Each structure stands twice: as C-alpha cells, then as structure tokens.
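Written out below as structure tokens is the structure these notes cover.
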Amino acid sequence: MPAPQLPPLPDDIVARLNGNLGGFNELMGFRFTAISYERLEGQLPVAPKLHQPYGLVHGGVYAAVVETMASTAAALHGMAQNRRIVGLENATSFLRGTRDGTLKAVCTPLATGRRTHVWQVDITNDEGKVAASGKVRLLALEAEENVGGRKLEAKGG
C-alpha cells in the first residue's frame with residue numbers, strides 16, 4: 001500500500017508554529033527555523049537559565065528539544081491524516097557538554113507508519129559537533145479515540 005499523499009504545508013508554517021510554542025519552549029527560547037514533512041530545523045540560544053550546576057546545558061533541555069521537534073513532526077503528519085499523536089518513548093543521549101552559543105536541531109523520520117512514528121533528532125553546537133541525539137516513538141490515534149477517558153483536544157483549539 002503506497003504512503004498517503006500529504007497536503008502542502010502553509011507557506012507561513014514556521015511563523016504559525018513559533019507563534020503557538022508557548023510555555024516551556026518559550027521559557028527555553030526555542031524556535032523553529034525550517035519545516036517540511038521530512039525535515040524540521042530549530043535552534044536554541046544557550047543562556048545561563050539553561051545550565052545545570054556545572055555550567056553546562058541541562059540534559060532536560062536536550063530532551064525537551066528532542067521531544068518538541070519529534071512531536072511536532074509527527075503531529076504535522078497526523079493532522080494531515082485526521083489523527084492525533086501521543087508520545088510513547090523519548091530516548092535522548094547527551095554526547096558533548098555545551099556552555100554557550102546556539103544549539104541547532106534537525107529532526108528527520110525513521111518511520112512514519114499508520115499507527116507508529118519514530119523520529120530522530122540531532123542537536124549540534126556552534127562547531128557543528130553533535131551535543132545530543134535522541135529518538136522519539138509516537139502513537140497515531142484515530143481522531144475519535146479516547147486517551148485517559150477523553151478525546152484528545154489541543155489547548156486553545
């Protein structure tokens with residue numbers, strides 16, 4: 001069975017998604033820079049508020065960027081197919097300590113099936129070296145399926 005055709009993304013998709021990041025992503029300073037169905041790019045300026053006690057970027061920051069990128073990528077596919085996406089697993093490895101500069105993240109699909117997705121996210125430092133890498137596995141649900149006793153509905157819409 002061939003993969004379903006996905007509709008074109010709006011020209012202003014980066015601005016739309018950055019306008020709806022909210023909460024934790026805004027606190028971190030994360031922003032998307034490029035978005036397609038097959039590749040998402042984002043960046044995060046490193047600031048002291050992102051450091052752990054040794055002055056390095058906190059591992060939770062990397063895990064959050066991995067989660068944001070992969071969840072957004074899967075959600076774009078899901079919305080195009082009237083599905084809702086929920087995370088199942090986030091495995092993030094911290095490979096190189098970073099103290100300053102700008103972290104750049106690239107998210108690509110490893111699998112985009114009817115029921116499950118797996119996305120890879122690599123986060124590099126200013127020298128282009130991988131600082132962290134992660135994979136997120138997600139479940140694609142039919143729009144009418146319940147989770148925790150209710151239909152999934154995004155806040156604000």
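It should be emphasised that the depicted structure is a prediction, and the values quoted were computed from it without experimental measurement. Numbers here simply count residues along the sequence, with the first being 1. For the numbers below, each heavy atom of this structure counts, side chains included, while hydrogens, waters and symmetry mates do not.
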Test log, rule side-chain contact (heavy atoms from CB on, under 4.5 Å), inputs Leu9 and Ile35:
CA-CA 9 Å; Leu9 291 169; Ile35 297 172; 4.2 Å; yes
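- Residues Leu95 and Leu50 do not share a hydrophobic cluster, clusters being chains of Ile/Leu/Val/Met/Phe/Trp/Tyr side chains in contact below 4.5 Å.
- At a threshold of 4.5 Å between side-chain heavy atoms, the hydrophobic network of Ile, Leu, Val, Met, Phe, Trp and Tyr places Leu56 and Leu103 in two separate groups.
- Note that the CZ atom of Arg84 and the CD atom of Glu144 stand 9.0 Å from one another [nearest 0.5 Å].
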In residues 126-140, what donor-acceptor pairs under 3.5 Å come from side-chain atoms, sequence neighbours left out?
residue: Asp126; atom: OD1; partner: Thr102; partner atom: N; Å: 3.1
residue: Asp126; atom: OD2; partner: Thr102; partner atom: N; Å: 3.4
residue: Ser133; atom: OG; partner: Gln120; partner atom: NE2; Å: 2.7
residue: Ser133; atom: OG; partner: Asp122; partner atom: OD1; Å: 2.7
residue: Arg137; atom: NE; partner: Glu89; partner atom: OE1; Å: 3.2

List the atom pairs, donor and acceptor, that lie under 3.5 Å between side-chain atoms in residues 58-79 and the rest of the protein, sequence neighbours left out.
residue: His58; atom: ND1; partner: Gly60; partner atom: N; Å: 2.7
residue: Tyr62; atom: OH; partner: Thr98; partner atom: OG1; Å: 3.3
residue: Glu67; atom: OE1; partner: Asn90; partner atom: ND2; Å: 3.1
residue: Glu67; atom: OE2; partner: Ser71; partner atom: OG; Å: 3.3
residue: Thr68; atom: OG1; partner: Asn25; partner atom: OD1; Å: 2.9
residue: Thr68; atom: OG1; partner: Asn25; partner atom: ND2; Å: 3.4
residue: Thr68; atom: OG1; partner: Ala64; partner atom: O; Å: 3.0
residue: Ser71; atom: OG; partner: Glu67; partner atom: O; Å: 2.9
residue: Thr72; atom: OG1; partner: Thr68; partner atom: O; Å: 2.7
residue: His77; atom: NE2; partner: Tyr37; partner atom: O; Å: 2.9

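- For the pair Arg16/Pro10, a side-chain contact is recorded, criterion being any heavy-atom separation below 4.5 Å from C-beta on.
- With hydrogens and angles disregarded, a donor-acceptor distance shorter than 3.5 Å links the side chain of Lys49 to the backbone of Leu27.
- Ile123 and Val118 fall into different hydrophobic clusters, where Ile, Leu, Val, Met, Phe, Trp and Tyr side chains are chained together by heavy-atom contacts under 4.5 Å.
- Summarising the geometry of Ala34 relative to Val14, their closest heavy-atom pair is CA-CG2, 3.9 Å, with the distance given to 0.1 Å.
- In this structure a side-chain-to-backbone donor-acceptor pair under 3.5 Å is present from Arg99 to Tyr54.
- Every residue two or more places apart in sequence or in another chain was checked for a side chain to side chain donor-acceptor pair (under 3.5 Å) with Glu38, and none qualifies.
- Salt-bridge check for Glu142 with Arg83: passed, with a basic side-chain N closer than 4.0 Å to an acidic carboxylate O.
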Please determine whether side-chain contact (heavy atoms from CB on, under 4.5 Å) holds for the pair Leu21 and Phe32, giving the CA-CA distance in whole Å, both sets of side-chain angles, and the decisive distance to 0.1 Å.
CA-CA 9 Å; Leu21 281 172; Phe32 289 104; 3.6 Å; yes
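- Under a cut-off of 6.0 angstrom, the local environment of CZ in Arg115 is crowded, with over 12 non-hydrogen atoms contributed by other residues, nucleotides or ligands.
- In terms of hydrophobic clustering, with Ile, Leu, Val, Met, Phe, Trp and Tyr side chains grouped at heavy-atom distances under 4.5 Å, Phe30 and Val106 are assigned to different clusters.
- Linking Ile, Leu, Val, Met, Phe, Trp and Tyr whenever their side-chain heavy atoms come within less than 4.5 Å leaves Leu110 and Leu40 in two separate clusters.
- For Asp12, the CG atom sits in a packed shell: over 12 heavy atoms of surrounding residues, nucleotides or ligands are nearer than 6.0 Å.
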